[in-house]
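All values below come from the heavy atoms of this structure, side chains included, with hydrogens, waters and symmetry mates left out. Computed from a predicted structure; not experimentally measured.
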Amino acid sequence: MVRSGTLILNVAARLLLPLQLMFSLFLLLRGHDEPGGGFIAGLVAAGGFALYLFAYGRRALGAMIKVSPRDLVGVGLLLGVASTLPAWWHGQPFFTAQWWTLPVIDFKASTPLIFDIGVYLVVLGSVLTAITALVKTDQADDER
């Protein structure tokens with residue numbers, strides 16, 4: 001995809017991407033006690049990256065992310081599976097939540113948080129893979 005050339009879209013993409021990423025992290029961390037969680041947070045983050053992609057193109061997005069979206073899917077699936085292991089190590093049923101308090105920063109880490117981070121990465125990677133594939137197909141059609 002060639003750069004859009006519109007000043008409004010370019011400025012909006014640069015300003016909104018950090019805001020959308022911060023909001024997605026807020027949704028990710030809030031999802032344990034109130035609405036939110038990994039799925040919607042991943043969609044919000046993917047929306048920010050998609051806006052950046054439409055404004056600056058596939059190469060600019062690839063240079064900014066530096067990680068293949070498919071790798072994000074793999075890491076997310078790995079985290080989702082890894083979140084089940086602490087319950088088994090304690091002899092409890094599958095997917096039983098485990099909680100730990102990190103004393104230095106007084107943060108409560110948990111297996112549901114690890115699972116939500118995995119879902120976040122899977123959703124982000126899946127949407128980015130689909131969008132970049134569509135842009136790549138559009139470029140191939142334009143070259144013909």
Side-chain angles (χ1 to χ4, degrees), residues 1-4 6 9-143:
M1 175 179 254
V2 180
R3 247 180 105 166
S4 69
T6 62
L9 181 61
N10 291 344
V11 171
R14 280 227 160 132
L15 292 176
L16 289 177
L17 179 62
L19 292 174
Q20 283 187 271
L21 291 177
M22 285 191 308
F23 185 59
S24 75
L25 289 177
F26 168 76
L27 287 173
L28 175 67
L29 296 175
R30 182 178 184 213
H32 300 291
D33 300 322
E34 297 185 28
F39 186 81
I40 190 65
L43 287 177
V44 169
F49 285 121
L51 181 64
Y52 191 87
L53 170 70
F54 296 146
Y56 293 101
R58 191 168 50 95
R59 287 187 185 142
L61 180 67
M64 185 179 62
I65 294 179
K66 299 194 191 302
V67 175
S68 170
R70 291 180 183 176
D71 293 342
L72 292 177
V73 173
V75 170
L77 289 172
L78 184 66
L79 284 175
V81 170
S83 70
T84 64
L85 299 178
W88 279 0
W89 290 333
H90 288 94
Q92 295 177 342
F94 190 66
F95 269 122
T96 302
Q98 303 292 315
W99 298 86
W100 308 281
T101 301
L102 304 176
V104 176
I105 57 175
D106 196 35
F107 179 75
K108 294 189 182 198
S110 64
T111 53
L113 177 62
I114 295 169
F115 181 79
D116 272 346
I117 292 171
V119 170
Y120 178 88
L121 292 175
V122 167
V123 170
L124 179 61
S126 299
V127 172
L128 286 179
T129 299
I131 290 174
T132 54
L134 289 172
V135 168
K136 198 176 197 178
T137 302
D138 185 42
Q139 283 178 341
D141 289 344
D142 287 344
E143 292 174 1

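Of the inter-residue distances, the one linking Thr129 atom OG1 with Leu134 atom CG reads 11.0 Å to the nearest 0.5 angstrom. Atoms CD and OG1, on Gln98 and Thr84 in that order, are 11.0 Å from each other to the nearest 0.5 Å. To the nearest 0.5 Å, the span separating CG on Leu124 from CG on Leu43 amounts to 9.5 Å. The CG atom of Leu61 lies 11.0 Å from the CG atom of Leu51; values are rounded to the nearest 0.5 Å. Leu21 CG to Leu28 CG: the interatomic distance, rounded to the nearest 0.5 Å, is 12.0 Å.
In this structure, the side chains of Ile65 and Leu128 come closer than 4.5 Å at one or more pairs of heavy atoms. A 4.5 Å side-chain heavy-atom check between Leu27 and Phe39 finds every atom pair outside the cut-off.
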Between Tyr56 and Leu9, is a side chain to side chain contact (heavy atoms under 4.5 Å, CB included) present by the stated rule, with each step listed?
-> CA-CA 9 Å; Tyr56 293 101; Leu9 181 61; over 6 Å; no
Might you work through the side chain to side chain contact (heavy atoms under 4.5 Å, CB included) test for Leu29 and Leu113, ending with a clear yes or no?
-> CA-CA 8 Å; Leu29 296 175; Leu113 177 62; 3.8 Å; yes
Evaluation steps, side chain to side chain contact (heavy atoms under 4.5 Å, CB included), between Met64 and Leu17 = CA-CA 12 Å; Met64 185 179 62; Leu17 179 62; 3.4 Å; yes
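Minimum heavy-atom separation, Tyr120 to Gly42: CD1-N, 3.4 Å. The minimum heavy-atom distance between Val127 and Ala46, with the atom names listed, is CG1-CB, 3.5 Å. Taking all atoms of both residues into account, the shortest heavy-atom contact from Thr111 to Ala97 is OG1-CA, 3.4 Å.
Ser83 places a side-chain N or O within donor-acceptor distance of the main-chain N or O of Gly80, the cut-off being under 3.5 Å.
Ring orientation note: the planes of Phe23 and Phe26 are close to parallel, at an angle under 30° on the 30°/60° scale.
Residue-environment remark: CH2 (Trp88) stays at or below the threshold of 12 foreign heavy atoms within 6.0 Å.
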